[in-house]
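We number each residue from 1, following the sequence as shown. Small disclaimer: the values here were computed from a predicted structure and weren't measured.
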Amino acid sequence: MSKTINVILTGGVGSRLWPLSRKSRPKQYLEIFEEKSLFQMTVERNNILTDEVMVVGNVDNCHLSKEVLNKLDLSYIDIIESTPRNTAAAIAFACFAANPDDVLIVTPSDHVIEGDSSYKTAIESAVSKAQEGAIVTFGIVPAKPETGYGYIEYKNDDVISFREKPNESTAKEFISKGNFLWNSGMFCFKAGVMLGELKDFTPEVYEKSKIAWENNEQGKLDLALSMDIPSISIDYAVMERSKKIKVIPTKFNWSDLGSFDSVYDYLVSKGHSTDENGNMVIGTDNFTAFLGLQNTIFVTTPSANLILHKEHAQKVKDVYVKLESEDSDLLN
(Lines give C-alpha, C1' and ligand atoms only; values in the text may rest on other atoms or scores of the structure.)
Protein backbone atom coordinates (compact mmCIF):
# COMPACT_ATOMS: atom_id res chain seq x y z
CA MET A 1 0.00 0.00 0.00
CA SER A 2 1.36 3.42 -0.93
CA LYS A 3 2.20 6.00 1.71
CA THR A 4 2.35 9.76 1.92
CA ILE A 5 5.80 10.86 3.06
CA ASN A 6 7.00 14.27 4.18
CA VAL A 7 10.51 14.72 2.79
CA ILE A 8 12.27 17.49 4.71
CA LEU A 9 15.29 19.07 3.04
CA THR A 10 17.67 20.47 5.65
CA GLY A 11 20.55 21.71 3.52
CA GLY A 12 21.57 25.36 3.46
CA VAL A 13 23.37 27.55 5.95
CA GLY A 14 21.11 30.61 5.99
CA SER A 15 23.87 32.96 4.87
CA ARG A 16 21.54 35.99 4.84
CA LEU A 17 20.84 35.44 8.55
CA TRP A 18 24.47 35.57 9.68
CA PRO A 19 25.57 35.99 12.49
CA LEU A 20 22.55 34.19 13.98
CA SER A 21 22.81 31.39 11.44
CA ARG A 22 26.14 29.55 11.46
CA LYS A 23 27.48 26.41 9.83
CA SER A 24 27.36 24.66 13.21
CA ARG A 25 23.69 25.63 13.73
CA PRO A 26 21.94 26.91 10.59
CA LYS A 27 18.78 28.98 10.82
CA GLN A 28 16.43 25.99 10.62
CA TYR A 29 17.71 24.80 14.01
CA LEU A 30 17.63 28.14 15.86
CA GLU A 31 15.01 28.12 18.61
CA ILE A 32 14.07 31.77 18.24
CA PHE A 33 10.66 31.30 16.62
CA GLU A 34 8.05 30.81 19.35
CA GLU A 35 10.74 28.90 21.30
CA LYS A 36 10.86 26.24 18.61
CA SER A 37 13.15 25.76 15.64
CA LEU A 38 11.82 26.09 12.11
CA PHE A 39 12.79 22.45 11.60
CA GLN A 40 10.64 21.35 14.54
CA MET A 41 7.74 23.46 13.30
CA THR A 42 8.06 21.80 9.87
CA VAL A 43 8.03 18.30 11.37
CA GLU A 44 5.00 19.03 13.57
CA ARG A 45 3.06 20.77 10.80
CA ASN A 46 3.40 17.87 8.35
CA ASN A 47 3.39 14.92 10.72
CA ILE A 48 -0.38 15.11 11.18
CA LEU A 49 -0.91 15.09 7.40
CA THR A 50 1.46 12.30 6.35
CA ASP A 51 2.28 8.69 7.17
CA GLU A 52 6.04 9.00 7.50
CA VAL A 53 8.92 11.46 7.85
CA MET A 54 12.06 11.38 5.75
CA VAL A 55 14.94 13.80 6.39
CA VAL A 56 17.56 14.54 3.74
CA GLY A 57 20.41 16.23 5.56
CA ASN A 58 24.18 16.23 5.61
CA VAL A 59 27.00 15.11 7.85
CA ASP A 60 27.19 18.56 9.45
CA ASN A 61 23.56 18.84 10.55
CA CYS A 62 22.10 15.32 10.77
CA HIS A 63 22.74 15.23 14.54
CA LEU A 64 20.69 18.41 14.95
CA SER A 65 17.73 16.84 13.15
CA LYS A 66 18.10 13.73 15.30
CA GLU A 67 17.94 15.81 18.49
CA VAL A 68 14.59 17.29 17.47
CA LEU A 69 13.05 14.03 16.26
CA ASN A 70 14.16 12.20 19.39
CA LYS A 71 12.60 14.96 21.49
CA LEU A 72 9.34 14.50 19.57
CA ASP A 73 9.69 10.70 19.86
CA LEU A 74 9.28 10.25 16.10
CA SER A 75 10.87 7.57 13.96
CA TYR A 76 12.07 8.68 10.54
CA ILE A 77 14.03 7.71 7.45
CA ASP A 78 17.44 9.36 7.66
CA ILE A 79 19.35 10.17 4.46
CA ILE A 80 22.76 11.70 5.12
CA GLU A 81 24.56 13.41 2.26
CA SER A 82 28.33 13.36 2.56
CA THR A 83 28.52 16.55 0.48
CA PRO A 84 25.86 18.95 -0.84
CA ARG A 85 24.83 18.17 -4.44
CA ASN A 86 21.81 20.51 -4.69
CA THR A 87 18.11 19.69 -4.65
CA ALA A 88 17.88 17.41 -7.72
CA ALA A 89 20.16 14.85 -6.08
CA ALA A 90 18.54 15.28 -2.65
CA ILE A 91 15.09 14.64 -4.13
CA ALA A 92 16.41 11.71 -6.17
CA PHE A 93 17.71 10.05 -2.99
CA ALA A 94 14.31 10.49 -1.35
CA CYS A 95 12.59 8.92 -4.35
CA PHE A 96 14.95 5.94 -4.37
CA ALA A 97 14.32 5.43 -0.65
CA ALA A 98 10.55 5.31 -1.22
CA ASN A 99 8.28 3.00 -3.19
CA PRO A 100 7.37 4.19 -6.71
CA ASP A 101 3.70 4.79 -5.80
CA ASP A 102 4.46 6.65 -2.57
CA VAL A 103 3.47 10.32 -2.67
CA LEU A 104 6.27 12.59 -1.47
CA ILE A 105 5.57 16.04 -0.08
CA VAL A 106 8.91 17.83 -0.27
CA THR A 107 9.30 20.77 2.09
CA PRO A 108 12.29 22.90 3.06
CA SER A 109 13.01 22.89 6.78
CA ASP A 110 13.21 26.65 7.27
CA HIS A 111 9.78 28.06 6.38
CA VAL A 112 7.10 29.58 8.57
CA ILE A 113 3.57 28.64 7.53
CA GLU A 114 0.43 29.84 9.29
CA GLY A 115 -3.15 28.86 8.52
CA ASP A 116 -3.66 25.20 9.37
CA SER A 117 -6.91 24.67 7.47
CA SER A 118 -5.66 26.42 4.31
CA TYR A 119 -2.41 24.46 4.46
CA LYS A 120 -4.28 21.17 4.92
CA THR A 121 -6.52 21.97 1.95
CA ALA A 122 -3.50 22.77 -0.26
CA ILE A 123 -1.71 19.56 0.74
CA GLU A 124 -4.82 17.42 0.11
CA SER A 125 -5.29 19.01 -3.32
CA ALA A 126 -1.62 18.43 -4.18
CA VAL A 127 -1.75 14.78 -3.09
CA SER A 128 -4.83 14.24 -5.25
CA LYS A 129 -3.11 15.72 -8.32
CA ALA A 130 0.07 13.75 -7.58
CA GLN A 131 -1.87 10.49 -7.43
CA GLU A 132 -3.04 11.26 -10.98
CA GLY A 133 0.58 11.59 -12.14
CA ALA A 134 1.21 15.33 -11.81
CA ILE A 135 4.26 16.98 -10.29
CA VAL A 136 2.82 19.74 -8.13
CA THR A 137 4.48 22.93 -6.98
CA PHE A 138 3.01 25.27 -4.39
CA GLY A 139 2.81 28.95 -5.35
CA ILE A 140 2.34 31.65 -2.75
CA VAL A 141 -0.03 34.51 -3.55
CA PRO A 142 2.39 37.47 -3.24
CA ALA A 143 1.84 40.07 -0.54
CA LYS A 144 4.31 42.56 -2.05
CA PRO A 145 6.82 42.91 -4.92
CA GLU A 146 9.48 40.79 -3.21
CA THR A 147 12.92 40.61 -4.86
CA GLY A 148 14.22 37.74 -2.71
CA TYR A 149 11.96 35.03 -4.19
CA GLY A 150 11.62 33.35 -7.55
CA TYR A 151 8.21 33.62 -9.26
CA ILE A 152 5.81 31.30 -11.06
CA GLU A 153 3.73 32.62 -13.97
CA TYR A 154 0.53 30.61 -14.18
CA LYS A 155 -2.98 30.19 -15.61
CA ASN A 156 -5.51 28.08 -13.71
CA ASP A 157 -3.30 25.25 -12.42
CA ASP A 158 -0.88 25.28 -15.36
CA VAL A 159 2.61 26.75 -15.10
CA ILE A 160 3.46 29.14 -17.93
CA SER A 161 7.00 29.89 -16.78
CA PHE A 162 9.37 30.00 -13.83
CA ARG A 163 11.18 33.29 -13.26
CA GLU A 164 14.41 34.00 -11.40
CA LYS A 165 14.54 36.46 -8.49
CA PRO A 166 13.62 39.80 -10.13
CA ASN A 167 14.80 43.35 -9.56
CA GLU A 168 12.32 45.72 -7.92
CA SER A 169 10.78 47.09 -11.12
CA THR A 170 10.27 43.60 -12.55
CA ALA A 171 8.76 42.39 -9.28
CA LYS A 172 6.28 45.29 -9.39
CA GLU A 173 5.42 44.35 -12.97
CA PHE A 174 4.77 40.75 -11.93
CA ILE A 175 2.44 41.87 -9.14
CA SER A 176 0.53 44.23 -11.42
CA LYS A 177 -0.17 41.43 -13.92
CA GLY A 178 -1.90 39.39 -11.23
CA ASN A 179 -0.89 35.93 -12.51
CA PHE A 180 2.43 35.52 -10.72
CA LEU A 181 3.09 33.58 -7.51
CA TRP A 182 6.11 33.33 -5.25
CA ASN A 183 7.95 30.05 -5.75
CA SER A 184 7.79 28.30 -2.37
CA GLY A 185 10.23 25.47 -3.11
CA MET A 186 7.60 22.94 -1.98
CA PHE A 187 6.62 20.03 -4.22
CA CYS A 188 4.37 16.98 -4.29
CA PHE A 189 4.64 13.94 -6.59
CA LYS A 190 4.81 10.18 -6.81
CA ALA A 191 8.36 8.96 -6.33
CA GLY A 192 8.25 6.93 -9.54
CA VAL A 193 6.95 9.84 -11.58
CA MET A 194 9.75 12.15 -10.44
CA LEU A 195 12.39 9.49 -11.08
CA GLY A 196 11.00 9.01 -14.59
CA GLU A 197 11.31 12.73 -15.32
CA LEU A 198 14.82 12.87 -13.85
CA LYS A 199 15.83 9.93 -16.01
CA ASP A 200 14.43 11.62 -19.14
CA PHE A 201 15.72 15.15 -18.58
CA THR A 202 18.88 14.72 -16.49
CA PRO A 203 19.96 11.09 -16.94
CA GLU A 204 23.37 11.70 -15.39
CA VAL A 205 21.80 12.98 -12.16
CA TYR A 206 19.48 9.96 -12.17
CA GLU A 207 22.18 7.36 -12.83
CA LYS A 208 24.84 8.78 -10.50
CA SER A 209 22.30 9.32 -7.70
CA LYS A 210 21.06 5.77 -8.14
CA ILE A 211 24.58 4.39 -7.81
CA ALA A 212 25.25 6.49 -4.72
CA TRP A 213 21.98 5.41 -3.12
CA GLU A 214 22.52 1.71 -3.87
CA ASN A 215 25.84 1.96 -2.04
CA ASN A 216 24.58 3.82 1.03
CA GLU A 217 25.38 2.52 4.48
CA GLN A 218 22.41 2.97 6.83
CA GLY A 219 21.34 6.03 4.87
CA LYS A 220 24.81 7.61 4.70
CA LEU A 221 26.06 8.27 1.18
CA ASP A 222 29.60 7.69 -0.01
CA LEU A 223 31.62 10.87 -0.63
CA ALA A 224 33.40 9.78 -3.81
CA LEU A 225 30.21 8.49 -5.42
CA SER A 226 28.34 11.63 -4.40
CA MET A 227 30.97 13.88 -5.96
CA ASP A 228 30.20 12.25 -9.33
CA ILE A 229 26.62 13.60 -9.23
CA PRO A 230 26.08 16.88 -11.12
CA SER A 231 25.08 19.69 -8.75
CA ILE A 232 21.82 21.07 -10.14
CA SER A 233 18.56 22.27 -8.64
CA ILE A 234 15.31 20.40 -9.15
CA ASP A 235 13.96 23.56 -10.79
CA TYR A 236 16.49 23.35 -13.62
CA ALA A 237 16.56 19.55 -13.72
CA VAL A 238 12.82 18.91 -13.95
CA MET A 239 10.40 21.70 -13.02
CA GLU A 240 11.26 24.01 -15.93
CA ARG A 241 11.23 21.17 -18.46
CA SER A 242 8.52 18.66 -17.55
CA LYS A 243 5.04 18.71 -19.09
CA LYS A 244 3.58 17.22 -15.90
CA ILE A 245 3.88 20.34 -13.73
CA LYS A 246 0.83 21.75 -11.98
CA VAL A 247 0.69 24.63 -9.52
CA ILE A 248 -1.56 25.23 -6.54
CA PRO A 249 -2.00 28.91 -5.59
CA THR A 250 -2.02 28.82 -1.81
CA LYS A 251 -3.93 30.90 0.70
CA PHE A 252 -1.90 30.23 3.84
CA ASN A 253 0.57 32.75 5.25
CA TRP A 254 4.11 31.83 4.26
CA SER A 255 7.64 33.13 4.68
CA ASP A 256 10.98 31.48 4.13
CA LEU A 257 12.48 33.84 6.75
CA GLY A 258 15.46 34.01 4.43
CA SER A 259 16.57 37.50 5.36
CA PHE A 260 16.39 39.87 8.30
CA ASP A 261 13.58 41.96 6.81
CA SER A 262 11.30 38.89 6.79
CA VAL A 263 12.50 37.90 10.28
CA TYR A 264 11.77 41.48 11.42
CA ASP A 265 8.21 41.34 10.05
CA TYR A 266 7.61 37.93 11.60
CA LEU A 267 8.92 38.93 15.02
CA VAL A 268 6.83 42.11 14.99
CA SER A 269 3.75 40.00 14.25
CA LYS A 270 4.58 37.94 17.35
CA GLY A 271 4.97 40.96 19.62
CA HIS A 272 8.74 41.48 19.53
CA SER A 273 9.42 45.05 20.59
CA THR A 274 10.69 47.91 18.44
CA ASP A 275 11.27 51.52 19.43
CA GLU A 276 9.19 54.45 18.16
CA ASN A 277 11.28 54.60 14.98
CA GLY A 278 10.93 50.94 14.12
CA ASN A 279 14.39 49.89 15.33
CA MET A 280 14.77 46.33 16.62
CA VAL A 281 17.28 44.42 18.76
CA ILE A 282 17.75 40.66 18.27
CA GLY A 283 19.88 38.59 20.62
CA THR A 284 19.95 40.54 23.86
CA ASP A 285 17.65 42.09 26.46
CA ASN A 286 20.23 44.76 27.31
CA PHE A 287 19.07 48.34 26.93
CA THR A 288 19.98 49.56 23.45
CA ALA A 289 19.41 53.10 22.18
CA PHE A 290 19.20 54.07 18.50
CA LEU A 291 19.87 57.75 17.71
CA GLY A 292 18.96 59.23 14.35
CA LEU A 293 18.09 55.81 12.93
CA GLN A 294 14.91 54.26 11.57
CA ASN A 295 14.03 50.63 10.74
CA THR A 296 17.49 49.51 11.85
CA ILE A 297 18.14 45.99 13.10
CA PHE A 298 20.88 45.30 15.66
CA VAL A 299 21.79 41.61 15.81
CA THR A 300 24.14 40.51 18.58
CA THR A 301 25.84 37.19 19.29
CA PRO A 302 28.77 36.30 21.59
CA SER A 303 31.30 36.45 18.74
CA ALA A 304 29.87 38.88 16.18
CA ASN A 305 27.39 41.73 15.79
CA LEU A 306 25.52 42.99 12.75
CA ILE A 307 23.86 46.38 12.29
CA LEU A 308 21.76 46.86 9.17
CA HIS A 309 18.96 48.91 7.75
CA LYS A 310 15.91 46.75 7.08
CA GLU A 311 15.95 47.67 3.38
CA HIS A 312 19.48 46.29 2.98
CA ALA A 313 18.72 42.83 4.38
CA GLN A 314 19.56 41.06 1.11
CA LYS A 315 23.14 42.38 1.32
CA VAL A 316 23.99 40.38 4.43
CA LYS A 317 25.01 37.53 2.14
CA ASP A 318 27.82 39.77 0.84
CA VAL A 319 29.28 39.87 4.35
CA TYR A 320 28.99 36.10 4.58
CA VAL A 321 30.72 35.60 1.22
CA LYS A 322 33.56 37.93 2.26
CA LEU A 323 34.08 36.05 5.53
CA GLU A 324 33.95 32.77 3.63
CA SER A 325 36.67 33.96 1.25
CA GLU A 326 38.79 34.71 4.32
CA ASP A 327 38.06 31.26 5.79
CA SER A 328 36.80 33.02 8.90
CA ASP A 329 35.94 31.12 12.06
CA LEU A 330 33.02 33.55 12.46
CA LEU A 331 30.99 31.37 10.08
CA ASN A 332 31.25 28.29 12.30
Just checking [X]: does its [atom1] atom have more than 12 heavy atoms from other residues, nucleotides or ligands closer to it than 6.0 angstrom?
{"X": "Phe298", "atom1": "CZ", "value": "yes"}
{"X": "Lys317", "atom1": "NZ", "value": "no"}
{"X": "Asp116", "atom1": "CG", "value": "no"}

Is there side-chain contact between [X] and [Y], with at least one heavy-atom pair below 4.5 Å?
{"X": "Val159", "Y": "Met239", "result": "no"}
{"X": "Lys129", "Y": "Asp157", "result": "yes"}
{"X": "Val112", "Y": "Leu38", "result": "yes"}
{"X": "Lys155", "Y": "Asn179", "result": "no"}
{"X": "Phe189", "Y": "Leu195", "result": "no"}
{"X": "Ser262", "Y": "Ser259", "result": "yes"}

Begin from the C-alpha positions of Thr42 and His111 and carry the test side chain to side chain contact (heavy atoms under 4.5 Å, CB included) through to its verdict.
CA-CA 7 Å; Thr42 301; His111 291 181; 5.7 Å; no
I'd like to know if the side chain of [X] and the backbone of [Y] have a donor-acceptor N/O pair within less than 3.5 Å.
{"X": "Asn70", "Y": "Glu67", "result": "no"}
{"X": "Asn58", "Y": "Asp60", "result": "yes"}
{"X": "Ser109", "Y": "Leu9", "result": "yes"}
{"X": "Ser21", "Y": "Leu17", "result": "no"}
{"X": "Ser125", "Y": "Thr121", "result": "no"}
{"X": "Lys27", "Y": "Leu257", "result": "yes"}
{"X": "Glu240", "Y": "Phe162", "result": "no"}

Write down the atom of [X], the atom of [Y], and the distance for their closest heavy-atom approach.
{"X": "Pro19", "Y": "Thr301", "result": "O-CG2, 3.7 Å"}
{"X": "Phe138", "Y": "Ser184", "result": "O-OG, 2.7 Å"}
{"X": "Ala122", "Y": "Phe252", "result": "CB-CE2, 3.9 Å"}

[atom2] on [Y] to [atom1] on [X], rounded to 0.5 Å:
{"X": "Asn167", "Y": "Lys172", "atom1": "CG", "atom2": "NZ", "answer": "10.5 Å"}
{"X": "Thr137", "Y": "Lys246", "atom1": "OG1", "atom2": "NZ", "answer": "13.0 Å"}
{"X": "Thr300", "Y": "Ile307", "atom1": "OG1", "atom2": "CD1", "answer": "9.0 Å"}
{"X": "Tyr119", "Y": "Thr250", "atom1": "OH", "atom2": "OG1", "answer": "10.0 Å"}
{"X": "Thr10", "Y": "Asn61", "atom1": "OG1", "atom2": "CG", "answer": "4.0 Å"}
{"X": "Lys190", "Y": "Gln131", "atom1": "NZ", "atom2": "CD", "answer": "7.0 Å"}

Yes or no on salt bridge (Lys or Arg N to Asp or Glu O under 4.0 Å) for Glu114 and Lys270, after CA distance, side-chain angles and deciding distance?
CA-CA 12 Å; Glu114 297 175 318; Lys270 297 301 178 183; 2.7 Å; yes
When hydrophobic residues are tied together by side-chain contacts of less than 4.5 Å, even through go-betweens, does Ile232 share a cluster with Val7?
yes
Report the relative orientation of the aromatic rings in Tyr151 and Trp182; use parallel for angles under 30°, tilted for 30 to 60°, perpendicular for over 60°.
perpendicular
Residues two or more places apart in sequence or in another chain: which of them pass salt bridge (charged side-chain N to carboxylate O under 4.0 Å, His left out) with Lys120?
Glu124
Cut-off 3.5 Å, no hydrogens considered: what does the side-chain donor-acceptor table look like for residues 202-210, sequence neighbours left out?
| residue | atom | partner | partner atom | Å |
| --- | --- | --- | --- | --- |
| Thr202 | OG1 | Leu198 | O | 3.3 |
| Ser209 | OG | Val205 | O | 2.7 |
| Lys210 | NZ | Glu214 | OE2 | 2.6 |

One pair to check against side-chain hydrogen bond (donor to acceptor under 3.5 Å, both in side chains): Arg22 and Ser303. What are the steps and the verdict?
CA-CA 11 Å; Arg22 307 289 184 103; Ser303 61; 3.0 Å; yes
Show which side-chain atoms of residues 77-88 pair as donor or acceptor with protein atoms under 3.5 Å away, not counting sequence neighbours.
| residue | atom | partner | partner atom | Å |
| --- | --- | --- | --- | --- |
| Ser82 | OG | Leu221 | O | 3.2 |
| Ser82 | OG | Asp222 | O | 3.4 |
| Ser82 | OG | Leu223 | N | 3.3 |
| Ser82 | OG | Ser226 | OG | 3.4 |
| Arg85 | NE | Ser226 | O | 3.4 |
| Arg85 | NE | Ile229 | O | 3.0 |
| Arg85 | NH2 | Ile229 | O | 2.8 |
| Thr87 | OG1 | Ile234 | N | 2.8 |

Validation: residues 140-150 side-chain donor-acceptor distances under 3.5 Å, sequence neighbours left out:
| residue | atom | partner | partner atom | Å |
| --- | --- | --- | --- | --- |
| Glu146 | OE2 | Gly148 | N | 2.9 |
| Tyr149 | OH | Asp256 | OD1 | 3.2 |

Honestly, is Arg163 close enough over Phe180, meaning NZ or CZ under 6.0 Å from the six-membered ring centre and within 45° of the axis?
no
Other ILVMFWY residues reachable from [X] by side-chain steps of under 4.5 Å:
{"X": "Ile160", "answer": "none"}
{"X": "Leu225", "answer": "Ile211"}
{"X": "Val53", "answer": "Ile8, Tyr29, Phe39, Val43, Val55, Leu64, Val68, Leu69, Leu72, Leu74, Tyr76"}

With sequence neighbours excluded, what pairs up with Tyr266 under the ring pair (Phe, Tyr, Trp, His ring centres under 6.0 Å) test?
Phe33
Gln40 meets the side chain to side chain donor-acceptor pair (under 3.5 Å) criterion, sequence neighbours left out, with Glu44, Lys71
Atom pairs and distances, donor-acceptor, side-chain atoms in residues 279-287, under 3.5 Å, two or more places apart:
| residue | atom | partner | partner atom | Å |
| --- | --- | --- | --- | --- |
| Asn279 | OD1 | Asn295 | N | 3.2 |
| Asn279 | OD1 | Thr296 | N | 2.8 |
| Asn279 | ND2 | Asp275 | OD1 | 3.3 |
| Asn279 | ND2 | Asp275 | OD2 | 3.0 |
| Asn279 | ND2 | Leu293 | O | 2.9 |
| Thr284 | OG1 | Asn286 | N | 3.0 |
| Thr284 | OG1 | Asn286 | ND2 | 3.4 |

Let me check something: any side-chain donor-acceptor pairs from residues 90-108 under 3.5 Å, sequence neighbours excluded? List them with distances.
| residue | atom | partner | partner atom | Å |
| --- | --- | --- | --- | --- |
| Asp102 | OD1 | Lys3 | N | 2.8 |
| Asp102 | OD2 | Asn99 | N | 2.9 |
| Thr107 | OG1 | Asn6 | ND2 | 3.1 |

Chi angles and distances behind the side chain to side chain contact (heavy atoms under 4.5 Å, CB included) call for Val238, Lys244
CA-CA 10 Å; Val238 172; Lys244 298 181 179 181; over 6 Å; no
What's the verdict on salt bridge (Lys or Arg N to Asp or Glu O under 4.0 Å) for Asp200 and Arg241, showing C-alpha distance, side-chain angles and the deciding distance?
CA-CA 10 Å; Asp200 287 345; Arg241 305 166 75 177; over 6 Å; no
For residues 323-332, which side-chain donor-acceptor pairs fall under 3.5 Å, sequence neighbours excluded?
| residue | atom | partner | partner atom | Å |
| --- | --- | --- | --- | --- |
| Ser325 | OG | Lys322 | O | 2.6 |
| Glu326 | OE2 | Lys322 | NZ | 2.7 |
| Ser328 | OG | Leu330 | N | 3.0 |

